[in-house]
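In listed order, ligands and their atoms are each counted from 1.
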Amino acid sequence: MLRLEEITPENLPDAVNVKVAPQQERFVAPVLNSLAEAYASRETAWPRLVYDGERAVAFIMGNFDPGHEIEAFRCGIWRLNVAGDAQGKGYGRFAVDAFLEEARKRGNARATVLWEQGEGGPEGFYLRLGFRPTGEVLFGETVGAIEL
Ligand SMILES: CC(C)(COP(=O)(O)OP(=O)(O)OC[C@H]1O[C@@H](n2cnc3c(N)ncnc32)[C@H](O)[C@@H]1OP(=O)(O)O)[C@@H](O)C(=O)NCCC(=O)NCCS
């Protein structure tokens with residue numbers, strides 16, 4: 001049974017323990033860094049943990065900042081980390097779907113994500129889920145978008 005949890009003092013150690021495979025570390029920041037950023041951006045950040053039963057298997061952080069000057073940062077996935085030994089089981093898709101549902105609830109018509117190109121990177125995953133490159137590159141990363 002998969003479920004989404006907000007970050008609490010109780011599940012913080014579980015969150016920090018969600019670690020991608022070593023060769024994937026260049027594609028995403030550690031959860032600890034993301035949580036520090038979530039604290040600093042608590043008006044807009046949407047950090048959540050995915051549990052499969054007792055185990056935290058994934059972390060996602062969205063950002064909802066409708067007034068942001070850059071369109072790609074108004075409603076988007078900021079971070080997504082699935083534990084290295086828990087990948088390929090639908091947890092990433094579950095996390096993204098939960099984010100997209102939240103985005104819809106907030107009245108957004110479009111959501112974005114930025115990914116780094118490279119062997120072993122997440123591009124194929126986002127394409128599989130329906131995101132399409134917009135043609136923009138921001139901070140060296142490909143911008144992908146999906147209509148909601
Ligand atoms: C990319 C990542 C989030 C995918 O999570 P996951 O839980 O393994 O993915 P899922 O099992 O939910 O896969 C969903 C679908 O995408 C496909 N998929 C997953 N990774 C893929 C890839 N790299 N290339 C192509 N397809 C991929 C799966 O086969 C599955 O397809 P299906 O629904 O037809 O069976 C995970 O590998 C990860 O955490 N990577 C390291 C960190 C990272 O790159 N994060 C993104 C930062 S922007």
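- At the shortest separation from atom 5 (O) of ligand 1 among protein heavy atoms lies Val82 CG2, 3.6 Å.
- The closest approach between Ile77 and ligand 1 stays at or above 4.0 Å for every heavy atom of the residue.
- Between Glu116 and Arg26, at least one side-chain N (NZ, or NE/NH1/NH2) sits under 4.0 Å from a carboxylate O, which counts as a salt bridge.
- Proximity to Tyr91 (heavy-atom distance under 4.0 Å) selects the following atoms of ligand 1: 7 (O), 12 (O).
- At least one donor-acceptor pair closer than 3.5 Å links the side chain of Arg42 to the backbone N or O of Tyr39.
- Here the heavy atom of the protein found nearest to atom 19 (C) of ligand 1 is Phe125 CD1, 3.7 Å.
- Phe73 places a side-chain heavy atom less than 4.5 Å from the side chain of Leu114.
- Numbered from 1 in the order shown, with element, the atoms of ligand 1 that lie under 4.0 Å from a heavy atom of Pro122 read 1 (C), 44 (O), 46 (C).
- Counting only N and O atoms by type, the side chains of Asp14 and Tyr51 include a donor and acceptor under 3.5 Å apart.
- Inter-residue side-chain proximity for Val28 and Val20 is flagged as met; some heavy-atom pair is nearer than 4.5 Å.
- A distance-only check finds no donor-acceptor pair linking the side chain of Arg55 to the backbone of Ala86 [under 3.5 Å].
- Between the side chain of Asn11 and the main chain of Glu6, a donor-acceptor pair closer than 3.5 Å is present.
- For the atom pair CG of Leu4 and CD of Glu102, the computed distance is 9.0 Å after rounding to the nearest 0.5 Å.
- Two residues are said to be in side-chain contact when any heavy atoms from C-beta on lie closer than 4.5 Å; Phe64 and Phe99 meet this criterion.
- Those atoms of ligand 1 with a heavy atom of Gly121 less than 4.0 angstrom away are 23 (N).
- The backbone N or O of Glu147 sits nowhere less than 3.5 Å from a side-chain atom of Arg110 that would complete a donor-acceptor pair.
- Scanning the protein heavy atoms around atom 42 (C) of ligand 1, the nearest turns out to be Val28 CG1, 3.5 Å.
- Interface atoms of ligand 1 facing Lys89, defined by a heavy-atom separation under 4.0 Å, are 11 (O).
- Annotation: atom 15 (C) of ligand 1 to nearest protein heavy atom, Arg128 CG, 3.9 Å.
- Residue-ligand proximity: Phe94 is placed with every non-hydrogen atom at 4.0 Å or more from ligand 1.
- Protein non-hydrogen atoms do not reach within 4.0 Å of atom 28 (C) of ligand 1.
- The atoms of ligand 1 that sit less than 4.0 Å from any heavy atom of Arg93 are 12 (O), 32 (P), 33 (O).
- Within the 4.0 Å heavy-atom criterion, neither part of Glu123 lies near ligand 1.
- The distance criterion of under 3.5 Å between nitrogen or oxygen atoms is met by Gly90 with respect to ligand 1.
- Ranking the protein heavy atoms by distance from atom 45 (N) of ligand 1 puts Leu80 O, 2.8 Å first.
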I'd like to know whether Thr142 forms a side chain to side chain donor-acceptor pair (under 3.5 Å) with Glu123, so could you lay out the CA-CA distance, the side-chain angles of the two residues, the decisive distance to 0.1 Å, and finally the verdict.
CA-CA 9 Å; Thr142 301; Glu123 181 170 66; 4.7 Å; no
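- Counted by atom type alone, Gln24 and Gln87 present one or more donor-acceptor pairs between their side chains at under 3.5 Å.
- At a 3.5 angstrom cut-off on N or O pairs, Gly88 counts as close to ligand 1.
- The nearest heavy-atom contact from the protein to atom 40 (N) of ligand 1 is Gln24 NE2, 3.7 Å.
- Protein non-hydrogen atoms do reach within 4.0 Å of atom 8 (O) of ligand 1.
- Annotation: atom 24 (N) of ligand 1 to nearest protein heavy atom, Gly124 CA, 3.4 Å.
- For ligand 1, the atoms sitting less than 4.0 Å from at least one non-hydrogen atom of Val20 are 39 (O), 41 (C), 42 (C), numbered in the order shown with element in parentheses.
- Counting heavy atoms closer than 4.0 Å to ligand 1, residue Gln87 contributes atoms from both its backbone and its side chain.
- Trp115 pairs in a ring-ring contact (aromatic ring centres under 6.0 Å, His included) with only one of the listed residues (Phe139, Tyr126, Phe131), which is Tyr126.
- Closest to atom 47 (C) of ligand 1 among all protein heavy atoms lies Phe27 O, 3.7 Å.
- A cation-pi geometry, defined here as NZ or CZ lying under 6.0 Å from the six-membered ring centre and within 45° of its normal, does not hold between Arg93 and Tyr91.
- Near Gly92, the atoms of ligand 1 lying under 4.0 angstrom from a non-hydrogen atom of the residue are 5 (O), 6 (P), 7 (O), 12 (O).
- Atoms of ligand 1 found under 4.0 Å from any heavy atom of Tyr126 (numbered from 1 in listed order, with element): 46 (C), 48 (S).
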